[in-house]
Number of protein chains: 2
Amino acid sequence: MKDPANPTSRTPEDDRLRRRIGPTIRDVARMANVSIGTVSKALNNNGSLKAETRERVIAVANALGFRPNSLAQSLHRRHSFTVGLISNDSFGRFTMPIAEGLEACLADRQIAVFMCNATDDPERERQHVEQLLGKRVDGMVITARRADRRPGLDGALRGLPVIYVFSQSDDPEAVCLLPDDEGGARMAVEHLIGLGRQRIAHITGPERFEAVRLRRDGYRQALTAAGLAEGEGYYLSGDWSEKWGYDAAARLFAHGREPPDALFCGNDQIARGAADALRERGIAVPEDVAIVGFDNWNVMTEASRPPLTSVDLNLRALGREAGRRLIAMIDGTPMRGVSRLPCTLVIRESCGAKTDTLTGTEDYA
Amino acid sequence: MKDPANPTSRTPEDDRLRRRIGPTIRDVARMANVSIGTVSKALNNNGSLKAETRERVIAVANALGFRPNSLAQSLHRRHSFTVGLISNDSFGRFTMPIAEGLEACLADRQIAVFMCNATDDPERERQHVEQLLGKRVDGMVITARRADRRPGLDGALRGLPVIYVFSQSDDPEAVCLLPDDEGGARMAVEHLIGLGRQRIAHITGPERFEAVRLRRDGYRQALTAAGLAEGEGYYLSGDWSEKWGYDAAARLFAHGREPPDALFCGNDQIARGAADALRERGIAVPEDVAIVGFDNWNVMTEASRPPLTSVDLNLRALGREAGRRLIAMIDGTPMRGVSRLPCTLVIRESCGAKTDTLTGTEDYA
DNA sequence: ATGAAAGCGCTAACAC
DNA sequence: GTGTTAGCGCTTTCAT
């Protein structure tokens, strides 16, 4: 009673047999009156098959709603087409865009991403790694808040491709991808200098963040290159809050001291706090004082008065590039060491230049 | 030459054989001088086995660094111990805590989460669903921005457990989990009334958001229940920005009209904008006007002057509960319909009450 | 060009 | 108690 020309006529028991797993390759073979091997060739478009057969098999498969079991496939193929993403930033503001870029890149290659949150709990991280290895992921991405380096987890990984994004391993061989904080800071300060500013202060976050130290270095490099001196007390390290930006600005513009004509801030919250402080003192931004922030977090840059010029870390691009590199590693390309991707300066009203977007040059460190 | 008492002595060719896949259950069986079946029983702690054998096998497995291939296991077991999370909010501010709660809950049950971003692109979503089905996920979580309901994707899913979190399907049978916006708003306004406020205005977001309509309803219910009237022009719908909060507050406190003595705001950005507007007008918060926000987004609540009392949507709890329910569904418990989880009122300085946290009662709708 | 059959790494039913 | 074996759903030789 089987009618191979009309593959939709599945027998009732077939439906019952598959619990709810759907048809298997066997069912397709039966309905199309070919062998299992032939179906495999047809669907994977390899081997040599008569065009007519191939098409017929594919038609049957579609009619049946056949969906190959990726788990069974992975048992043979070299890859599982999954990777793990382990975050120690509890899916925070920085992890998000990275994950997004990564996912977008990998989805194009049909690779799925396991999202694991370890939040700096080593035991939890160990469990996740264990689980991911059990699931035979093809690679792993580690991301984190960037206070400092972390021990590599290379012990158990026996050569599995691993890439650290927005975080660093203490293993110098490890593949790490980071934004070029130093270059971003340099670009921001050069821009201020190009606008004629001479007395540029830097209000920033806690020095235990490597990013803080790098941005400070970039700031100083730009000053030095332009022959400008760093005013006394012009470098202010505090926490990452608006309040600190507000207080630090107040300090810079207090009593007799000669005030800065520009503020380069370690993040947008600090910048916004500073902008508030200046406004309340009747100091005009950008006319009297130009401000540049860091992170280009639009919740801050756009709510600030005036809207903030800010350095964008290009985290989405960082995630995408991480995906590309991980794929390359999975494909066998050897990689090692730290790379930094350029930042972008997004110009808004707070620095007195025409709205624009400037991208730093790639750093091949 | 095999020494079962010293299982670490693997033969060199064994290492070579496993490409980099690590030892298989076969290797463990060989080294422990037992059958494959016995190893399986020992490791999965089922069947009946002499304690000594069990322990010995486990010791060998550990020594070999054996890690069962979860993919192969899933071929037999009823489940793959993976679920898919499809987000249409591009991993945004609301998706994050939900994902975190979900992941935490599922990780406890050894279930891994595939993160997929569809960002309202139906084609991309279809591809993701396809991929997840191919990977034989045990269930699926759909989350989204909450402008409105979305078509269920139940066609292809043949009974796979699906739960919508922070989003709704147009299928009335679908399992949906949402915060109780109405109850949260009611709680906020009741709190203001309890503090003696009588003229309470509501500045909120765009009405196309169901959340806006629900919060408005809660606001009105609380007023009505207390026998208070809604002042004319006291309900102001705009966008979700600080600027709108600022402008709306300015409008409410303009010219001759009798001003409100409290503002209930649709989100924290609006509330912060309003607080700024009042401060600039010399209106004291909370003395003259109390303010309550919504979302409890600490970036906003804590940077606001004064810090904002705000309704917390308890998104992390929502994610965890979604995990619990999905597990229940996977375990066979039938579920259907929409549930809403209570919000929490987090009291800070902007409303003039003692710092505190109040939780709404569960809504068994 | 197609079919048959040997596994991938594991579980589970059934022998002994 | 432990070993044997038949698969899970698929890919991939190797015959034909």
Side-chain angles (χ1 to χ4, degrees), chain A residues 4 14 17-58 60-61 64-81 133-138, chain B residues 4 14 17-58 60-61 64-81 133-138:
Chain A
D14 274 356
L17 278 172
R18 323 283 141 240
R19 291 162 295 188
R20 70 133 173 272
I21 303 299
T24 72
I25 196 170
R26 259 183 146 89
D27 301 318
V28 177
R30 249 201 302 274
M31 297 300 306
N33 270 323
V34 292
S35 73
I36 291 184
T38 304
V39 176
S40 179
K41 278 178 209 158
L43 264 41
N44 297 310
N45 202 24
N46 55 18
S48 50
L49 239 47
K50 202 164 34 171
E52 191 273 326
T53 314
R54 193 179 298 270
E55 282 156 25
R56 186 165 45 88
V57 169
I58 290 175
V60 173
L64 247 43
F66 171 67
R67 212 186 313 274
N69 183 331
S70 168
L71 273 37
Q73 291 180 315
S74 302
L75 233 40
H76 296 269
R77 305 218 221 256
R78 212 178 164 64
H79 304 303
S80 66
F81 292 91
L133 291 175
K135 295 219 176 340
R136 297 299 188 262
V137 291
D138 297 330
Chain B
D14 274 356
L17 280 171
R18 324 281 141 240
R19 295 163 294 190
R20 72 132 171 271
I21 303 298
T24 72
I25 196 171
R26 259 183 147 88
D27 301 318
V28 178
R30 250 200 301 273
M31 297 301 304
N33 271 324
V34 292
S35 75
I36 291 186
T38 303
V39 176
S40 178
K41 278 178 211 157
L43 265 42
N44 297 309
N45 202 26
N46 55 18
S48 51
L49 237 51
K50 199 162 41 170
E52 189 273 325
T53 314
R54 194 179 297 271
E55 281 157 24
R56 184 163 48 89
V57 170
I58 289 175
V60 173
L64 247 43
F66 171 66
R67 211 185 316 273
N69 184 332
S70 168
L71 272 37
Q73 291 179 317
S74 301
L75 233 39
H76 295 268
R77 305 217 221 256
R78 212 178 164 64
H79 303 302
S80 66
F81 291 91
L133 291 176
K135 296 219 179 331
R136 297 298 187 264
V137 291
D138 297 330

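Chain naming here is simple, since letters A, B, ... match the order of the sequence lines and numbering starts at 1 in each. Just so we're clear, the structure is a prediction, and the values are computed from it rather than from any experiment.
- Rounded to a whole Å, the CG atom of Asn69(A) is 13 Å from the C1' atom of dT11(D).
- At least one side-chain nitrogen or oxygen of Gln73(B) sits closer than 4.0 Å to the OP1 or OP2 atom of dT11(C).
- We find that CG of Leu75(B) is positioned 18 Å from P of dA6(D), with the value rounded to whole Å.
- With distances taken from any side-chain atom of Thr53(B) to the nucleotides dT2(D), dC10(C), dT12(D), the minimum falls on dT2(D).
- Of the candidates dT2(C), dC10(C), dT11(C), dC10(C) carries the atom nearest the Thr24(B) side chain, counting heavy atoms from C-beta on.
- Out of dC10(D), dG3(D), dG3(C), the shortest distance to the side chain of Thr38(B) is found at dG3(D).
- Comparing atom distances between the Asn44(A) side chain and each of dT11(D), dT2(C), dT11(C) picks out dT11(D) as nearest.
- Taking 3.5 Å as the limit, the base of dG9(C) and the side chain of His76(A) contain no donor-acceptor pair of atoms between them.
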Side-chain donor-acceptor contacts of residues 34-44 of chain B below 3.5 Å, not counting sequence neighbours, with atom names and distances?
| from | atom 1 | to | atom 2 | distance (Å) |
| --- | --- | --- | --- | --- |
| Ser35(B) | OG | Gly37(B) | N | 3.4 |
| Ser35(B) | OG | Thr38(B) | N | 3.2 |
| Ser35(B) | OG | Thr38(B) | OG1 | 2.9 |
| Ser40(B) | OG | Asn44(B) | ND2 | 3.3 |
| Asn44(B) | ND2 | Ser40(B) | O | 3.0 |

Under 3.5 Å, N/O pairs linking protein and nucleotides 13-16 of chain D:
none

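- Spacing between atom CG of Leu49(B) and atom C1' of dG3(D) amounts to 11 Å, rounded to whole angstrom units.
- When each of Val34(B) and Ala72(B) is assigned the nucleotide of DNA chain D with its nearest heavy atom, Val34(B) is the one assigned upstream, toward the 5' end.
- In this structure, of dC10(D), dT11(C), dT12(D), it is dT12(D) that holds the atom nearest to the side chain of Asn46(A).
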